[in-house]
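Order of the sequence lines fixes the chain letters, A, B, ..., with proteins taken first and strands second; residue numbering starts at 1 for each chain. Worth knowing before you read on, the calculation uses all heavy atoms, side chains too, and leaves out hydrogens, waters and symmetry mates.
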Protein chains: 2
Amino acid sequence: MRKDSRLSRVLHALIHLDHHGKPATSDDIGKMLGTNPVVVRRTMAALREQGYVSAVKGHNGGWSLARPLSDITLYDIHKALGDSSVFTIGLTDEHNNCPIEHGVNNALRDVMHEAEALLLARFKQVTLANLASEFGQHSV
Amino acid sequence: MRKDSRLSRVLHALIHLDHHGKPATSDDIGKMLGTNPVVVRRTMAALREQGYVSAVKGHNGGWSLARPLSDITLYDIHKALGDSSVFTIGLTDEHNNCPIEHGVNNALRDVMHEAEALLLARFKQVTLANLASEFGQHSV
DNA sequence: TATTAAGTAACAATTATTGTTACATGAAGA
DNA sequence: TCTTCATGTAACAATAATTGTTACTTAATA
């Protein structure tokens with residue numbers, strides 16, 4: 001299935017931002033991520049709206065962290081990107097009131113909720129500073 | 001993201017098959033699931049290849065269970081449909097040997113593996129007979 | 001032999017991210 | 001002030017997967 005790599009991408013960008021010292025332009029970040037500056041703006045916009053980064057226009061402008069990495073968890077970023085379901089597995093629309101269909105969907109939903117809860121709980125435990133330090137590059 | 005509802009669909013179909021008594025045609029099943037007979041054949045083909053169902057052509061033909069529901073788990077069916085990843089979250093291609101990118105991807109991969117393992121472990125615990133009995137319709 | 005139904009190839013529809021072009025807006029510098 | 005830089009958006013093509021559909025072949029049986 002088509003994968004959503006926005007989380008992976010934006011985490012990469014944020015940790016780079018932390019090292020960069022000064023604001024990085026969408027163009028800079030695009031080059032780091034191997035993508036387009038417009039894609040960068042689009043993705044970073046979601047984080048800006050939640051107060052994790054700020055953007056400045058014009059000369060010497062660009063993106064900066066609005067909080068230290070130690071104050072941001074994987075969960076925060078995941079949520080900021082929009083909390084669409086994490087699974088490629090979907091349920092059928094229950095059009096025809098079939099009790100079997102309902103039963104199957106309920107059972108799958110339960111198991112998926114449980115796995116999603118585990119995933120999100122883990123995401124809450126990991127700050128971006130944790131991530132950054134994992135490969136010996138320490139943040140503030 | 002686009003969801004894959006094949007699992008939900010095919011479970012629904014298998015439990016109906018169990019009640020049906022005689023073989024059900026792709027057309028019958030398509031009507032139950034609100035979809036096309038070709039879609040049914042396509043999806044059921046994966047299960048046939050793994051020996052969970054059999055198909056007979058011609059008059060009075062159609063699909064039948066090749067094993068009792070109590071011998072088939074959610075995991076079996078999930079696996080038979082092709083073990084593509086369960087998550088919509090994807091990692092970036094690591095093109096440029098950036099240690100930050102690697103670190104981010106490794107961290108996400110670990111957490112996702114853990115959640116996927118939990119999901120699959122739960123899938124292994126549930127037989128289709130369990131599912132069928134959940135709403136008072138008992139299987140063999 | 002006609003009919004039934006699976007098997008399968010081929011292609012359009014759908015739906016999400018991703019990629020791209022184009023242009024408006026605002027800030028900084030000369 | 002005017003030019004340049006960079007974000008902010010809108011609009012649309014590209015991509016990639018399932019799903020939907022048509023058409024045809026193959027096999028079994030009444």
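- Inter-residue side-chain proximity for B:L11 and A:L108 is flagged as met; some heavy-atom pair is nearer than 4.5 Å.
- Between the side chain of A:S133 and the backbone N or O of A:N130, at least one donor-acceptor pair lies under 3.5 Å.
- The line from CG of A:L7 to CD1 of A:I77 is 8.0 Å long, rounded to the nearest 0.5 Å.
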Any N/O pairs under 3.5 Å between the protein and nucleotides 24-26 of chain D? List them or say none.
from	atom 1	to	atom 2	distance (Å)
D:dT26	O2	B:K57	NZ	3.4

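- Positionally, the nearest nucleotide of DNA chain C for B:S26 lies more toward the 5' end than for the other of B:S26 and A:G58.
- Taking 4.0 angstrom as the limit, A:T88 places none of its side-chain polar atoms (N or O) nearer than this to OP1 or OP2 of D:dA17.
- Judged by distance alone, the side chain of B:S70 and the main-chain N or O of B:A129 form no donor-acceptor pair under 3.5 Å.
- Distance CG (A:D4) to P (C:dG19): 12 Å, rounded to an integer number of Å.
- Summarising the geometry, the separation between CD1 on A:I29 and P on D:dG8 is reported as 11 Å, rounded to the nearest angstrom.
- Aromatic pair A:H12/A:H16: ring centres closer than 6.0 Å.
- In this structure, the CH2 atom of B:W63 is 11 Å from the C1' atom of C:dA5, given to the nearest Å.
- Two residues are said to be in side-chain contact when any heavy atoms from C-beta on lie closer than 4.5 Å; A:L74 and A:L131 meet this criterion.
- For B:D27 and C:dA6, the CG to P distance is 8 Å, given to the nearest whole Å.
- Evaluation of atom-type donor-acceptor distances gives no pair under 3.5 Å for the side chain of B:H59 against the base of C:dT4.
- Computed from coordinates, the B:D28 CG to C:dA5 P distance equals 8 Å when rounded to whole Å.
- Regarding A:N60, its CG atom lies at a distance of 20 Å from the P atom of D:dT3, rounded to whole Å.
- For B:D110 (side chain) and B:A107 (main-chain N/O), no donor-acceptor pair under 3.5 Å exists by modelled atom type.
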Can you give me every donor-acceptor pair (side chain of residues 33-49 of chain B, partner residue at least two apart or in another chain, under 3.5 Å) with its distance?
from	atom 1	to	atom 2	distance (Å)
B:N36	OD1	B:V38	N	3.0
B:R41	NE	B:S26	OG	3.4
B:T43	OG1	B:V39	O	2.9

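- For B:R6 and D:dT19, the CZ to P distance is 6 Å, given to the nearest whole Å.
- OP1 or OP2 of D:dG20 sits under 4.0 Å from a side-chain N or O of B:T35.
- The side-chain heavy atoms of A:L120 and A:H78, taken from C-beta on, include a pair separated by under 4.5 Å.
- Atom CG in A:L7 sits about 11 Å away from atom P in C:dT18, given to the nearest Å.
- Applying a 4.0 Å cut-off to non-hydrogen atoms, the residues of residues 37-56 of chain B that approach DNA chain D are B:V38, B:V39, B:R42, listed by residue number.
- Residue B:N36 places at least one side-chain N or O closer than 4.0 Å to OP1 or OP2 of D:dT21.
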